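Counting begins at 1 with the first residue of the sequence. Quantities reported herein were computed from a predicted structural model and do not represent experimental measurements. Side-chain atoms are counted along with the backbone in the values below, which use heavy atoms only and exclude waters and symmetry mates.
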Amino acid sequence: MAHFARIDASSIVTEVIVINNVDCGGGDFPASEPVGQAFINGPHPHCLALEGDWRQTSYSGSFRGRFAGIGYSFDGSDFIPPAAPEATL
């Protein structure tokens with residue numbers, strides 16, 4: 001399975017979805033990302049037709065540093081977790 005994160009205009013992850021590897025062309029990252037993006041954004045009946053900027057993320061963390069979660073930021077190459085809140089006394 002392939003995982004994709006939707007990135008908003010502020011480079012924050014707002015959603016993560018799973019699609020079949022075959023919908024990414026069956027290849028490996030980075031070649032699989034544009035194929036998966038076309039499947040997610042595509043207008044024809046066999047696509048998801050979801051709007052937005054979708055970036056592939058690795059559940060195992062084998063690329064892009066780590067698996068993207070909602071609230072993570074995307075710096076153009078890696079997903080970065082949100083800063084931990086400071087403890088209050």
Would you find more than 12 non-hydrogen atoms of other residues, nucleotides or ligands less than 6.0 Å from H46 atom NE2? no
Counting only heavy atoms not in D53, do more than 12 fall under 6.0 Å of its CG? yes
Give me the other members of the hydrophobic cluster that F79 sits in, counting Ile, Leu, Val, Met, Phe, Trp and Tyr linked by side-chain heavy atoms under 4.5 Å, directly or via other members. I7, V13, V16, Y59, F67, Y72, F74
Walk me through it: do L48 and D23 pass the test side chain to side chain contact (heavy atoms under 4.5 Å, CB included)? CA-CA 10 Å; L48 298 179; D23 296 320; over 6 Å; no
The complete set of salt bridge (charged side-chain N to carboxylate O under 4.0 Å, His left out) pairs with one or both residues in residues 59-73, sequence neighbours excluded, reads E33-R64
Trace of the side chain to side chain contact (heavy atoms under 4.5 Å, CB included) decision for I70 with I12: CA-CA 8 Å; I70 293 173; I12 303 297; over 6 Å; no
Exam field: side chain N41 to backbone A49, donor-acceptor pair closer than 3.5 Å: no
I need the [X] [atom1] to [Y] [atom2] distance, nearest 0.5 Å.
X   : Y   : atom1 : atom2 : answer
F4  : S32 : CZ    : OG    : 6.0 Å
C24 : I19 : SG    : CD1   : 3.5 Å
C47 : Q37 : SG    : CD    : 12.5 Å
Q56 : D28 : CD    : CG    : 9.0 Å
H3  : I17 : NE2   : CD1   : 10.0 Å

Determine, for R6 against D8, whether the closest basic-nitrogen to carboxylate-oxygen distance falls under 4.0 angstrom. no
